[in-house]
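See structure below.
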Amino acid sequence: LVGLCCFMQSITACLLSAAFFGALGSSFLYGYNLSVVNAPALYIKAFYNKTWVERYGNPIPAETATMLWSITVSIFAIGGLFGALSVSFIIKVVGRRGTLLLNNIFAVIAALLLSLGEISKSFEMLIIGRIVMGVNSGVALSALPMYLGEISPRHIRGFIGQFNSILICLGVFTGQVLGLPELLGQESRWNFLFSFLAVPAILQLCVLPFLPESPRYLLMEKRDEKAAEKAFQRFLGKKDVSQELEEVHAEARAQDNLHTVSVLQMLRSPAVRWQLITIIVTMACYQLCGLNAIWYYTNGILREAGFAENILPYITLSTGAVETLAAIISGLVIERIGRKPLLIFGFSSMAVFFSLLTVFLYFQNSVAWLPYLSYVCILAVIAAFCSGPGGIPFVLTGELFEQPYRPAAFMIAGTVNWLSNFAVGLLFPFIQEKLQSFAFLVFVVVCILGSTYLCVVLPETKNKTFMDISLSFARINKMPCPPPGHEIELTLSITPDKNGKTQEVTKMESFF
């Protein structure tokens with residue numbers, strides 16, 4: 001109870017507002033765009049055909065219709081890749097908060113293109129709108145976790161970081177709800193599903209400018225100690241922030257000669273080799289663990305279970321609800337249980353339920369009630385994913401790297417994320433066609449390999465400073481460790497100058 005009280009006291013209104021509104025205009029939109037195209041899919045395809053007939057006088061060929069729809073769906077990931085590749089440059093110029101604010105321009109432009117495409121009789125506007133929205137999501141999924149990780153006290157850094165995951169799930173659920181036929185999932189209203197994209201962006205633009213920039217960014221990159229002190233005071237809700245400032249100063253002194261690292265420099269650096277491998281593995285497993293493929297089967301399994309077609313959208317809401325609930329629970333327990341156990345539990349549980357789902361799918365035509373168990377397995381897979389793998393990879397990307405490496409780390413993690421996303425969308429239909437109900441065994445292998453790697457390599461990061469976490473990797477990176485109690489000590493070497501007098505030369509320890 002005492003621990004809970006201390007936990008709640010650490011969460012100030014300023015910190016909570018930054019986490020919520022930062023995620024609302026960023027990860028929420030990403031989640032919303034994952035589900036929003038499902039409900040109006042038939043109406044969008046009909047619009048494509050109608051536009052084609054008006055232009056060329058003939059119905060759209062089946063192959064062309066399939067290609068246009070595939071491009072509309074998959075080009076979102078291409079936009080995300082562009083956003084991930086550009087984020088480190090934007091962050092360097094305008095900062096973490098500034099990047100989130102600037103990113104809303106893409107959301108508003110996308111909302112206009114997607115909602116006005118039908119009125120303009122241009123399906124090209126929908127395709128361009130999807131790629132612009134992808135850019136927004138690519139930037140958001142890098143800039144937001146970085147911002148949340150840098151504004152949070154270390155003992156609640158995981159909890160604040162999980163706002164990213166919670167709002168993604170809430171965005172998916174919102175897209176499902178608004179897509180119901182009684183709301184916006186009608187032929188005359190589907191445009192408004194895309195107009196809604198502008199609402200969270202505008203809300204963020206109204207609130208986030210009045211919240212502070214990342215104090216670590218202000219102190220270490222802008223060298224503005226007064227602004228950093230004020231930011232810490234507002235986020236932490238106290239006047240004396242000398243301890244927090246000294247922690248950042250210590251890291252800054254240790255990295256005095258190390259400016260923001262490029263991707264190429266990072267790939268060559270032995271000091272962060274295993275951190276980088278860990279992030280690549282974790283982010284690849286995040287996409288390749290099979291959750292995206294679940295959506296291909298959900299409606300089919302529900303039909304096999306005997307549910308009427310007209311109630312499928314309402315039953316499907318249970319997937320979004322379970323996803324959101326699991327993400328909230330994960331956020332509440334992450335500081336007690338830790339990142340590593342939640343990740344391993346999540347991937348391991350997914351492997352178990354994917355295995356059971358494969359068995360149930362194989363025999364579902366033989367036993368009348370097996371489709372119900374299949375659907376339970378689907379809900380269990382979703383809950384297992386959101387318990388850890390659905391959000392912690394983004395938290396880890398911010399935690400495993402110190403300030404100079406962080407922008408490049410998020411660029412690499414984002415690139416792996418979006419390439420893996422695209423690969424699943426491209427390859428899974430072929431895998432499913434060849435393997436049928438055994439297709440999920442591919443994801444069982446991915447989940448087992450991911451959980452095994454994390455069990456062996458990943459150290460626990462909860463309640464540790466960024467420098468402590470770097471030191472945890474020093475041995476596996478085969479870098480020298482400092483003596484106990486001197487984690488931030490700089491080595492001073494004495495060298496003679498031209499006049500024969502001694503001169504102090506400051507060197508960074510190689511483990512930095």
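Predicted model, so just to flag it, every value in this text is computed and none were measured.
Checked by atom type, the side-chain pair R406/Q403 shows a donor-acceptor distance below 3.5 Å. No side-chain donor-acceptor contact under 3.5 Å links Q162 and S165.
Minimum heavy-atom separation, A351 to I448: CB-CG1, 3.9 Å. The heavy-atom pair separating S330 from G388 by the smallest distance is OG-N, 4.2 Å. Between Q204 and G22, the shortest heavy-atom contact is NE2-O, 2.9 Å. What you find for G398 and F466 is that their closest heavy atoms are O-CE2, 3.4 Å. Closest approach of G175 to S35, counting heavy atoms only: CA-OG, 3.4 Å. Between N164 and S27, the closest heavy-atom pair is OD1-CB, 3.0 Å.
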Stepwise ring pair (Phe, Tyr, Trp, His ring centres under 6.0 Å) check, Y286 with W418: CA-CA 11 Å; Y286 167 76; W418 290 102; 9.6 Å; no
Test log, rule side-chain contact (heavy atoms from CB on, under 4.5 Å), inputs S420 and V424: CA-CA 6 Å; S420 301; V424 170; 5.6 Å; no
Chi angles and distances behind the ring pair (Phe, Tyr, Trp, His ring centres under 6.0 Å) call for Y217, Y147: CA-CA 9 Å; Y217 168 78; Y147 180 63; over 10 Å; no
Candidate pair Y453 and T278, rule side chain to side chain donor-acceptor pair (under 3.5 Å), full reasoning: CA-CA 8 Å; Y453 175 89; T278 300; 3.0 Å; yes
Derivation and outcome, side-chain contact (heavy atoms from CB on, under 4.5 Å), residues V272 and S269: CA-CA 6 Å; V272 293; S269 174; 4.0 Å; yes
Evaluation steps, side chain to side chain donor-acceptor pair (under 3.5 Å), between Q265 and S262: CA-CA 5 Å; Q265 289 172 321; S262 69; 3.3 Å; yes
Trace of the side-chain contact (heavy atoms from CB on, under 4.5 Å) decision for R130 with L114: CA-CA 7 Å; R130 284 286 289 175; L114 289 163; 4.1 Å; yes
From CA spacing to verdict: side-chain contact (heavy atoms from CB on, under 4.5 Å), E323, L291: CA-CA 11 Å; E323 197 175 19; L291 188 78; 4.1 Å; yes
Full working for salt bridge (charged side-chain N to carboxylate O under 4.0 Å, His left out) between R96 and E221: CA-CA 11 Å; R96 280 63 165 155; E221 297 186 34; 3.3 Å; yes
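Counting heavy atoms from C-beta outward, T174 and F28 have side chains that approach closer than 4.5 Å. A 4.5 Å side-chain heavy-atom check between R273 and I277 finds at least one atom pair inside the cut-off. Side-chain contact between V37 and F194 is present, with at least one heavy-atom pair separated by less than 4.5 Å. By the 4.5 Å heavy-atom criterion applied to side chains, L15 and P153 are counted as neighbours. You'll find the side chain of I131 stays beyond 4.5 Å of the side chain of I127, heavy atoms only. No side-chain heavy atom of P145 sits under 4.5 Å from any side-chain heavy atom of V395. Within the 4.5 Å cutoff, the side chain of V36 has heavy atoms near those of the N33 side chain. Here the side chains of Q287 and V416 are not in contact, with every heavy-atom distance at 4.5 Å or above.
Using cut-offs of 30° and 60° for the angle between ring planes, the Y405 and F401 rings count as tilted.
Under the side-chain hydrogen bond (donor to acceptor under 3.5 Å, both in side chains) criterion, the residue pairs touching residues 375-401 are R157-E399, S318-Y375, R339-E399, E399-T461, with sequence neighbours excluded.
Between the side chain of N136 and the backbone N or O of N103 there is at least one donor-acceptor pair closer than 3.5 Å. Under the 3.5 Å distance criterion, the side-chain polar atoms of E150 are left unmatched by any main-chain donor or acceptor of S214. Checked by atom type and distance alone, the side chain of S349 never pairs as donor or acceptor with a backbone atom of G346 at under 3.5 Å. Here the side chain of E247 pairs no donor or acceptor atom with the backbone of T465 at under 3.5 angstrom. Not one N or O on the side chain of K462 forms a donor-acceptor pair closer than 3.5 Å with the backbone of H155. Under the 3.5 Å distance criterion, the side-chain polar atoms of N477 are matched with a main-chain donor or acceptor of F473. A donor-acceptor pair under 3.5 Å links the side-chain atoms of T12 to the main chain of F235, judged by distance alone. At least one donor-acceptor pair closer than 3.5 Å links the side chain of E460 to the backbone N or O of K340.
For CG of L42, the number of neighbouring non-hydrogen atoms (other residues, nucleotides, ligands) closer than 6.0 Å is 12 at most. Within 6.0 Å of atom OH in Y362, 12 or fewer heavy atoms from other residues, nucleotides or ligands are found, so the atom counts as exposed in its surroundings.
For the atom pair L342 CG and I329 CD1, the distance stands at 11.5 Å (nearest 0.5 Å). Between the CD1 atom in I160 and the CD1 atom in I334 there is a gap of 11.0 Å [rounded to 0.5 Å]. Rounded to the nearest 0.5 Å, atoms OG (S374) and CZ (F360) are 6.5 Å apart. In this structure, I280 CD1 and C285 SG are separated by 12.0 Å, a value rounded to the nearest 0.5 Å. Taking CD1 of I168 as the start and CG of L144 as the end, the distance is 8.5 Å to the nearest 0.5 Å. Rounding to the nearest 0.5 Å places CZ of F394 at 4.5 Å from CG of L141.
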